[in-house]
Amino acid sequence: MKIKIAELFYSIQGEGRYMGVPSVFLRVFGCNFKCAGFGMPRGELSKEAEELAEVSHMFDKYEELPLVSTGCDSYASWHPDFKNLSPMLTTDAIVERIIEILPHGEWRDEHLVITGGEPLLGWQRAYPDLLSHPKMQGLKEITFETNGTQEISKEFGLYLHTWAHHHDKDFCREITFSVSAKLPCSGEKWEEAILPKVVCDYEEYGTAYLKFVIATEQDFTDAEHAIAVYRKQGFTGHVYLMPVGGVETVYAMNNRNVALLAMKHGLRYSDRLQVPLFKNEWGT
Ligand code: SF4
């Protein structure tokens with residue numbers, strides 16, 4: 001089996017439940033959204049990704065790509081004009097590269113983040129092959145960073161169940177779905193982005209939590225509405241508020257306000273440690 005890999009790197013998880021945990025990030029190619037509304041006045045869409053796509057021939061690798069201050073900060077992981085930067089690798093080759101970048105050449109306390117793009121599109125069919133590889137046996141914690149719109153396939157669901165309910169605890173794996181549900185500030189349509197049944201179903205296979213990107217009071221009003229909709233469907237997981245900002249200037253403008261908002265409403269705050277620590281550069 002093969003997976004188209006946008007990035008594979010080792011860093012510290014900067015967001016959500018595993019903030020601060022050493023992690024291997026497997027960023028797969030492809031997304032069903034564009035999220036061009038991030039960082040823009042409401043109703044307007046960013047052109048940064050499209051403008052960069054027009055000069056995509058100037059870039060040979062991810063590290064050369066400019067950061068954007070509006071729109072999706074991982075635009076090259078789904079924009080077709082950058083697909084040549086993402087090789088299609090066999091699961092064996094991916095495992096070998098993972099083992100190479102782990103500090104001890106084997107899994108110890110590190111956690112695996114499968115991100116994107118949107119990682120629960122068609123690549124679900126390749127994950128059992130990847131995660132069952134003998135060199136992946138020491139891996140105990142996996143997070144899927146998803147936008148919460150993709151159902152788990154029947155085949156992958158059966159596979160996930162075997163971990164969650166294995167009688168031998170050495171075979172159990174902790175599965176987390178970090179659901180960054182897209183509010184209207186993303187530029188995506190509510191009815192396509194807020195799909196409570198899909199997210200409630202993730203709770204059958206592990207721990208799911210919601211993470212909302214917040215820039216303005218209107219975003220928080222939208223988040224409250226979304227939380228009510230998810231809860232009504234039966235969602236039981238935690239909710240995090242996270243400041244908008246793929247670049248430090250934008251992040252620094254609202255991280256404290258979002259933290260205060262989370263405290264005021266008894267919700268969890270997620271930082272974006274990769275922004276102050278590593279400037280959110282590609283590969284961090
Ligand atoms: S869902 Fe995530 S990866 Fe896809 S466009 Fe939106 S922010 Fe980018």
Hey, does the side chain of R27 reach the backbone of G116 with a donor-acceptor pair shorter than 3.5 angstrom?
yes
Looking at G157, is its backbone amide N or carbonyl O close enough to the side chain of E204 to form a donor-acceptor pair, meaning the two atoms are under 3.5 Å apart?
no
Are L183 and F235 connected in the hydrophobic side-chain network, where two residues link if heavy atoms are under 4.5 Å apart?
yes
Candidate list Y10, Y62, F9, test ring pair (Phe, Tyr, Trp, His ring centres under 6.0 Å), partner F25, passing option
F9
Sidechain-backbone polar pair: W123 side chain, F29 backbone, donor-acceptor under 3.5 Å:
yes
Side chain to side chain, D201 and I152, heavy atoms closer than 4.5 Å:
no
Indicate, with yes or no, if M136 and V28 share a hydrophobic cluster defined by side-chain heavy-atom contacts under 4.5 Å among Ile, Leu, Val, Met, Phe, Trp and Tyr.
yes
Spatial distance of atom CG (L89) from atom CG (L8) [nearest 0.5 Å]:
8.5 Å
Quick check: do F38 and S46 have side-chain heavy atoms less than 4.5 Å from each other?
no
For A193, is there any backbone N or O sitting under 3.5 Å from a side-chain donor or acceptor partner on N147?
no
Smallest separation among heavy atoms of A126 and I3, with atom names:
CB-CG1, 3.6 Å
So the salt bridge (Lys or Arg N to Asp or Glu O under 4.0 Å) pairs with at least one residue in residues 107-123 (sequence neighbours excluded) are E106-R108
Between S23 and Y18, do the side chains contain a donor N or O and an acceptor N or O under 3.5 Å apart?
no
Would you indicate whether the side-chain heavy atoms of Y269 and N255 approach each other to under 4.5 Å?
yes
Given T207 and I175, is the side-chain contact (heavy atoms from CB on, under 4.5 Å) satisfied, shown in steps?
CA-CA 6 Å; T207 301; I175 303 297; over 6 Å; no
Assess whether side-chain contact (heavy atoms from CB on, under 4.5 Å) is satisfied between W78 and K83, documenting all intermediate values.
CA-CA 7 Å; W78 51 262; K83 68 173 185 240; over 6 Å; no
Measure the spacing between NZ of K182 and CG of N32 and express it to the nearest 0.5 Å.
10.0 Å
Count the heavy atoms of every other residue, nucleotide or ligand shown that sit under 6.0 Å from CD of E217, and state whether that count exceeds 12.
no
Q274 vs S11, side-chain contact (heavy atoms from CB on, under 4.5 Å): CA-CA, chis, key distance, verdict
CA-CA 9 Å; Q274 68 276 26; S11 187; 5.9 Å; no
Separation between CG (L120) and CD1 (I114), nearest 0.5 Å, reads 8.5 Å
Spell out, as yes or no, whether a donor-acceptor pair under 3.5 Å connects the side chain of T143 to the backbone of E145.
no
Can we call the ring centroids of Y209 and Y240 under 6.0 Å apart?
yes
Counting N and O atoms only, with roles assigned by atom type, does the side chain of S270 sit under 3.5 Å from a partner on the main chain of G16, one being a donor and the other an acceptor?
yes
Give me the ring orientation class for Y127 and F144: parallel if the planes are under 30° apart, tilted from 30 to 60°, perpendicular past 60°.
tilted
Looking at every heavy atom in both S77 and S74, which two are closest together, and how far apart are they?
OG-O, 2.6 Å
Does H238 have more than 12 heavy atoms from other residues, nucleotides or ligands lying within 6.0 Å of its NE2?
no
Are R17 and S178 close enough that a side-chain donor and a side-chain acceptor fall under 3.5 Å?
no
Does a sphere of radius 6.0 Å around CZ in R231 hold more than 12 heavy atoms from other residues, nucleotides or ligands, not counting ones at 6.0 Å or beyond?
yes
With no hydrogens and no angle check, do the side chains of E151 and Q124 hold a donor and an acceptor under 3.5 Å apart?
no
Could you pull out the closest heavy-atom pair between F212 and I227, with the gap in Å?
CE1-CG1, 3.6 Å
N/O donor-acceptor pair under 3.5 Å between Q13 side chain and P22 backbone
no
Take atom CE in M88; do more than 12 heavy atoms of anything else shown fall under 6.0 Å from it?
yes
Step-by-step side-chain contact (heavy atoms from CB on, under 4.5 Å) determination, Y75 to K34:
CA-CA 8 Å; Y75 59 93; K34 291 187 173 161; over 6 Å; no
First locate atom CG of L112, then atom CZ of R173, and finally report the distance between them rounded to the nearest 0.5 Å.
8.5 Å
K4 atom NZ, neighbour heavy-atom count above 12 within 6.0 Å:
yes
Assigning hydrophobic clusters by single linkage (Ile, Leu, Val, Met, Phe, Trp, Tyr; side-chain heavy-atom cutoff under 4.5 Å), is I214 placed with W190?
yes
Quick one: do the T236 and E203 side chains pair a donor with an acceptor below 3.5 Å?
yes
Between E15 and K211, does any NZ, NE, NH1 or NH2 come within less than 4.0 Å of an OD or OE carboxylate oxygen?
yes
Taking the side chain as C-beta and beyond, is there a heavy-atom pair between I94 and T90 under 4.5 Å?
no
Looking at side-chain heavy atoms only, is the closest gap between V24 and H111 below 4.5 Å?
no
Looking at E44 and M40, would you say the former's side chain and the latter's main chain have a donor-acceptor pair under 3.5 Å?
no
Validation row: Y159, S153 side chains within 4.5 angstrom (heavy atoms):
no
Report yes if the side chains of D81 and L52 come closer than 4.5 Å at any heavy-atom pair, otherwise no.
no
Does some side-chain heavy atom of T115 sit less than 4.5 Å from a side-chain heavy atom of L26?
no
Looking at CZ of R268 and CG of L210, how far apart are the two atoms once the value is rounded to the nearest 0.5 Å?
12.5 Å
Under 30°, 30 to 60°, or over 60°: which ring-plane class applies to F177 and Y202, parallel, tilted or perpendicular?
parallel
Just verifying a value: how many Å separate L261 CG and L267 CG, rounded to the nearest 0.5 Å?
8.0 Å
Salt bridge flag under 4.0 Å for residues K47 and E54:
no
Shared hydrophobic cluster for I101 and I142 (ILVMFWY, side-chain gaps under 4.5 Å):
yes
Are the side chain of E48 and the backbone N or O of T70 linked by a donor-acceptor pair below 3.5 Å?
yes
Going by atom types only, do T91 and D129 share a side-chain donor-acceptor pair under 3.5 Å?
yes
For the pair R42 and D219, find out whether any cationic side-chain nitrogen is under 4.0 Å from an anionic carboxylate oxygen.
yes
For the hydrophobic clusters of this structure (ILVMFWY residues joined by side-chain heavy atoms under 4.5 Å, transitively), does one cluster hold both V179 and L121?
no
